[in-house]
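For clarity, every value in this text was computed on a predicted model and none was experimentally measured.
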Amino acid sequence: MIERMSRPAPSPIYTLRGAGGALNTLHFCCWGGCAPVLFSGSAKGAIHVWDLNSRRAEKVIEAHSGSSVIWVNTLRSSGNLISQGRDMQVCVWDLSEGRSQLVESLWTGSVGFCQCSLLETSPATYLLGFAGQQTEEINVIELPSKTPVCTLVPEAKLGMVMCIKLWQPDSGPGPLLLAGYEDGSLLLWDVTQRSKLSQVKAHPEPVMCLTFDPKCLRGITGSSEKKLSSWMLDSQNNLQVQDCVTLVNPGVSQLCIREDGKLLASGGWDHRVRIFGWKKLRPLAVLQYHTDMVLSVAFSDHEDPRQRLLAAGSKDQRISLWSIYSNGAETG
């Protein structure tokens with residue numbers, strides 16, 4: 001499939017400036033009755049908490065000793081923020097009642113760029129997956145106890161682990177983990193059994209990013225090449241490569257599927273954000289605003305669909321926010 005865009009591209013509804021560094025990671029928190037916020041992590045070690053109503057940073061956390069922040073998320077049960085930095089630490093922050101308090105930290109030993117993956121297994125209990133000290137090693141622990149669950153290391157030499165995604169099937173075995181590696185391989189792991197279930201070659205180049213839709217057992221990966229590769233899981237948990245989308249320019253930093261399963265967003269090295277219909281991978285729009293690589297994309301979790309936003313963070317130190325809903329990119 002070749003990328004073609006006929007729809008005129010919209011403009012961002014507003015932008016957020018002042019992050020002071022490249023925007024490696026974004027995460028929305030628009031539930032629970034509180035004011036909707038966007039968390040961002042920068043290459044300068046700062047975590048900004050952006051108030052989406054005032055469109056200003058209501059808080060800045062100088063985290064990870066100034067090392068690059070590569071991932072942020074929230075623990076729904078407590079409302080705490082969790083962040084990962086290139087100082088080889090994962091940190092949990094209490095932001096309640098105006099605080100910015102470090103609750104606990106975990107040493108990962110990883111010097112790579114692989115972002116953590118978080119899975120809520122029961123109220124107040126989570127699994128955290130992260131790249132370990134060894135090149136191909138993935139560790140999974142339980143939070144908040146920090147109890148080790150497993151270490152996953154492939155038998156063959158696949159190079160560095162690049163990206164991971166924990167998820168919980170509706171039936172069958174316990175949690176599963178998808179992992180993309182430096183040699184272009186994609187592996188599916190059974191966390192409980194500590195075993196590899198299947199493996200495919202998704203790309204000839206390193207797998208830079210992946211996202212997965214557990215409702216339809218389908219996912220997609222990006223790399224440094226001009227191609228997105230989609231794949232699915234069959235009833236036997238075998239990975240099967242399906243379609244590919246050929247892009248105009250090479251390099252994809254991040255992929256994100258909207259929660260309703262209708263839209264896919266990609267952040268490109270060519271400074272652009274691309275929107276696809278997730279069902280058929282139909283290209284819908286190319287969003288052009290940034291002047292450097294788009295490193296992160298995230299859809300908001302507003303309960304009201306009309307309020308849903310797409311955020312893109314770039315190496316140009318700016319965050320663009322887009323109202324995809326109002327531009328009609330809802331099908332495909």
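Atoms CG and NE2, from Leu309 and His302 in turn, are 5.5 Å apart once rounded to the nearest 0.5 Å. To the nearest 0.5 angstrom, Arg86 atom CZ is 12.5 Å from His64 atom NE2. Atom OG of Ser253 sits about 7.0 Å away from atom CE of Met208, to the nearest 0.5 Å. The structure places CZ of Arg306 at 4.5 Å from CG of Asp304, a figure rounded to the nearest 0.5 Å. Separation of atoms OG (Ser83) and CD1 (Ile47) is listed at 3.5 Å; rounding is to 0.5 Å. Expressed to the nearest 0.5 Å, how far CD of Gln89 lies from CH2 of Trp107 amounts to 9.0 Å.
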Test log, rule side-chain hydrogen bond (donor to acceptor under 3.5 Å, both in side chains), inputs Trp50 and Ser40: CA-CA 8 Å; Trp50 304 93; Ser40 69; 2.9 Å; yes

Criterion side-chain hydrogen bond (donor to acceptor under 3.5 Å, both in side chains) on Tyr14 and Ser320, from CA distance to verdict: CA-CA 6 Å; Tyr14 60 91; Ser320 58; over 6 Å; no

Salt bridge (Lys or Arg N to Asp or Glu O under 4.0 Å) between Lys44 and Glu62, worked out: CA-CA 9 Å; Lys44 298 292 187 180; Glu62 297 299 336; over 6 Å; no

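For the pair Arg218 and Trp278, the cation sits on the ring face: its NZ or CZ lies under 6.0 Å from the ring centre, inside 45° of the axis.
A donor atom on one side chain and an acceptor atom on the other are found under 3.5 Å apart for Asn24 and Ser68. In this model, a donor atom of one side chain and an acceptor atom of the other lie less than 3.5 Å apart for Glu225 and His203.
Annotation: side chain of Leu264 is in contact with side chain of Leu255 (closest heavy-atom distance under 4.5 Å). Side-chain contact between Val273 and Ser266 is absent, with no heavy atoms from C-beta onward closer than 4.5 Å. Ile61 is listed as a side-chain neighbour of Leu95, based on a closest heavy-atom distance under 4.5 Å. In this structure, the side chains of Ser230 and Ile220 come closer than 4.5 Å at one or more pairs of heavy atoms. For the pair Leu188/Leu233, a side-chain contact is recorded, criterion being any heavy-atom separation below 4.5 Å from C-beta on. Between Trp167 and Phe212, some side-chain heavy-atom pair lies under the 4.5 Å cut-off. Within the 4.5 Å cutoff, no side-chain heavy atoms of Leu102 are placed close to those of Asp94.
Summarising the geometry of Lys201 relative to Val241, their closest heavy-atom pair is O-CG2, 4.1 Å, with the distance given to 0.1 Å. Looking at every heavy atom in both residues, Ala131 comes nearest to Ser110 through O-CB, 3.1 Å. Across all their heavy atoms, Arg194 and Cys150 have their closest contact at CG-CB, 3.4 Å. Closest approach of Asn237 to Ser198, counting heavy atoms only: O-OG, 3.1 Å.
Under the 4.5 Å side-chain heavy-atom criterion for ILVMFWY residues, a single connected hydrophobic cluster contains both Val161 and Leu127. When the side chains of ILVMFWY residues are joined at heavy-atom separations under 4.5 Å, either directly or via intervening members, Met162 and Leu295 end up in a single hydrophobic cluster.
For Gln240, the CD atom counts as densely surrounded, since its 6.0 Å shell holds more than 12 non-hydrogen atoms of other residues, nucleotides or ligands. Environment of CG in Asp170: sparse, with no more than 12 heavy atoms of neighbouring residues, nucleotides or ligands closer than 6.0 Å. The number of heavy-atom neighbours closer than 6.0 Å to CZ of Arg56, taken from other residues, nucleotides and ligands shown, is 12 or below.
Looking at Lys315, Gln317, Arg318 one by one, the single match for side-chain contact (heavy atoms from CB on, under 4.5 Å) with Thr291 turns out to be Arg318. Of the listed residues (Asp270, Asp316, Thr15), just one forms a side chain to side chain donor-acceptor pair (under 3.5 Å) with His290, and that residue is Asp316. The salt bridge (Lys or Arg N to Asp or Glu O under 4.0 Å) with Asp301 is formed by just one residue from the set Arg76, Arg308, Arg258; it is Arg76.
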